S.K.: 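Next up is a structure, given as structure tokens.
Not measured: the values here are computed from a predicted model.
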Amino acid sequence: EKFMAIGGPAYSESTGWRLSALATLYYRTKVSPLHHSVRFGGMASLRGCFGASIDGINHFAERHTIGYGGSFALDRRYLYGLDYATALSDDRGEYRLRSYGAYLSYDFEVVPLLTLGLRSEYQMCEVVSADAFVYDMIAGRGHIFSAFDIGIGIRYSSRHTEDINLMRGVVVAAEYSISPGVLNSVGEELHE
């Protein structure tokens, strides 16, 4: 088992001063000689922005890999306009965005170095508050957005690992995904 963590302060105009941290745990089980991993991330700012995430990879019987992850955040953003002409003006609006996300992937090693994979991902964003400029810009466009994607991919990778470190190699990958309209939505309008 190995555990690594890193963190520190940062500053941006939208969040102000914030503290971010990332920690990764590598571990082994009896089902695979490869390392599994789980990664935790977090951020909190003095302006009330925060977020957290988790991502993991688990190997089974050397040829099967499952990846998973999830996140949520409350963030502060700026809107300069919805078209080129409006965005060129000096006006901007401020809004707060709440977002959630999750994904699940499965990879199967068909032959050494060649992997086929399936992936699904869900994202949801909600504008939870906004100033008058943003209300005017997005009037009638909705304030809750969600999307669900399903994808398939193929990857050739000649990289190998020593312990947990990726070593030299080549990766070539292609992925195709669809986002069925019936599984995506734009919700109700934002009201002042």
Side-chain angles (χ1 to χ4, degrees), residues 1-27 35-58 66-105 119-151 164-166 175 177 179 183-192:
E1 291 187 10
K2 293 192 177 191
F3 179 78
M4 298 185 302
I6 188 171
Y11 178 84
S12 71
E13 184 182 6
S14 59
T15 64
W17 284 102
R18 67 183 185 272
L19 182 63
S20 299
L22 184 66
T24 306
L25 173 66
Y26 295 94
Y27 61 97
H35 276 97
H36 308 292
S37 67
V38 60
R39 182 177 61 204
F40 303 94
M43 179 275 294
S45 81
L46 295 176
R47 292 187 180 170
C49 301
F50 58 88
S53 65
I54 182 172
D55 296 281
I57 297 175
N58 288 79
I66 292 178
Y68 59 90
S71 64
F72 74 90
L74 179 63
D75 207 355
R76 181 178 168 207
R77 306 274 178 99
Y78 295 114
L79 179 67
Y80 292 87
L82 299 178
D83 57 38
Y84 184 74
T86 310
L88 286 178
S89 71
D90 290 333
D91 295 330
R92 72 176 184 184
E94 182 182 317
Y95 64 99
R96 292 178 71 80
L97 185 72
R98 183 184 299 135
S99 59
Y100 304 90
Y103 74 89
L104 182 65
S105 65
R119 180 180 176 91
S120 62
E121 183 173 3
Y122 174 76
Q123 293 183 329
M124 193 277 283
C125 297
E126 178 183 9
V127 177
V128 292
S129 66
D131 63 17
F133 179 87
V134 175
Y135 279 113
D136 291 341
M137 282 287 150
I138 67 173
R141 289 185 171 86
H143 76 287
I144 299 175
F145 310 90
S146 64
F148 182 78
D149 297 333
I150 303 169
I164 60 171
N165 300 309
L166 284 172
E175 184 175 312
S177 64
S179 187
L183 299 176
N184 301 314
S185 67
V186 176
E188 64 201 70
E189 290 185 30
L190 181 62
H191 300 289
E192 292 187 72

S.K.: If I take atom CG from residue L74 and atom OG from residue S99, how far apart are they, to the nearest 0.5 angstrom?
M.R.: 8.5 Å

S.K.: Do Y26 and M4 have side-chain heavy atoms sitting under 4.5 Å apart?
M.R.: yes

S.K.: Looking only at non-hydrogen atoms, find the nearest pair between N58 and H36 and report the distance.
M.R.: CA-ND1, 3.3 Å

S.K.: Excluding sequence neighbours, so at least two apart, what forms side chain to side chain donor-acceptor pair (under 3.5 Å) with R18?
M.R.: S12, T15

S.K.: Could I get the full list of salt bridge (Lys or Arg N to Asp or Glu O under 4.0 Å) partners for E13, not counting sequence neighbours?
M.R.: R92

S.K.: Contact between R98 and C125 at the side-chain level, heavy atoms closer than 4.5 Å - yes or no?
M.R.: no

S.K.: Less than 4.5 Å apart, side chain to side chain, heavy atoms only: is that true for Y95 and D131?
M.R.: no

S.K.: Measure the OH-CD1 distance between Y122 and I150 for me, rounded to the nearest 0.5 Å.
M.R.: 14.0 Å

S.K.: What's the shortest heavy-atom distance between Y68 and Y103, and which atoms?
M.R.: O-OH, 3.1 Å

S.K.: Mind listing the closest non-hydrogen atom pair of C49 and D75 along with its distance?
M.R.: SG-OD1, 3.9 Å

S.K.: If you look at every heavy atom in F148 and S120, which pair is closest and at what distance?
M.R.: CZ-CB, 4.0 Å

S.K.: Who pairs with D149 by side chain to side chain contact (heavy atoms under 4.5 Å, CB included), at least two apart in sequence or on another chain?
M.R.: S179

S.K.: Do you know the tightest heavy-atom contact between D91 and F133?
M.R.: CB-CE1, 3.5 Å

S.K.: Could you tell me if the side chain of F3 sits less than 4.5 Å from the side chain of E1, heavy atoms only?
M.R.: no

S.K.: Which pairs count as side chain to side chain donor-acceptor pair (under 3.5 Å) when at least one residue sits in residues 39-53, sequence neighbours excluded?
M.R.: R39-D55

S.K.: Do the side chains of S185 and F145 get nearer than 4.5 Å, heavy atoms only?
M.R.: no

S.K.: Looking at residues at least two apart in the chain, or sitting in another chain, which of them share a salt bridge (Lys or Arg N to Asp or Glu O under 4.0 Å) with R96?
M.R.: none

S.K.: State which residues pass salt bridge (Lys or Arg N to Asp or Glu O under 4.0 Å) with E94; sequence neighbours excluded, sorted by chain then number.
M.R.: R76

S.K.: Is the closest side-chain heavy-atom distance between V128 and L97 below 4.5 Å?
M.R.: no

S.K.: With under 30° as parallel and over 60° as perpendicular, where do the rings of F72 and F50 fit, or are they tilted in between?
M.R.: perpendicular

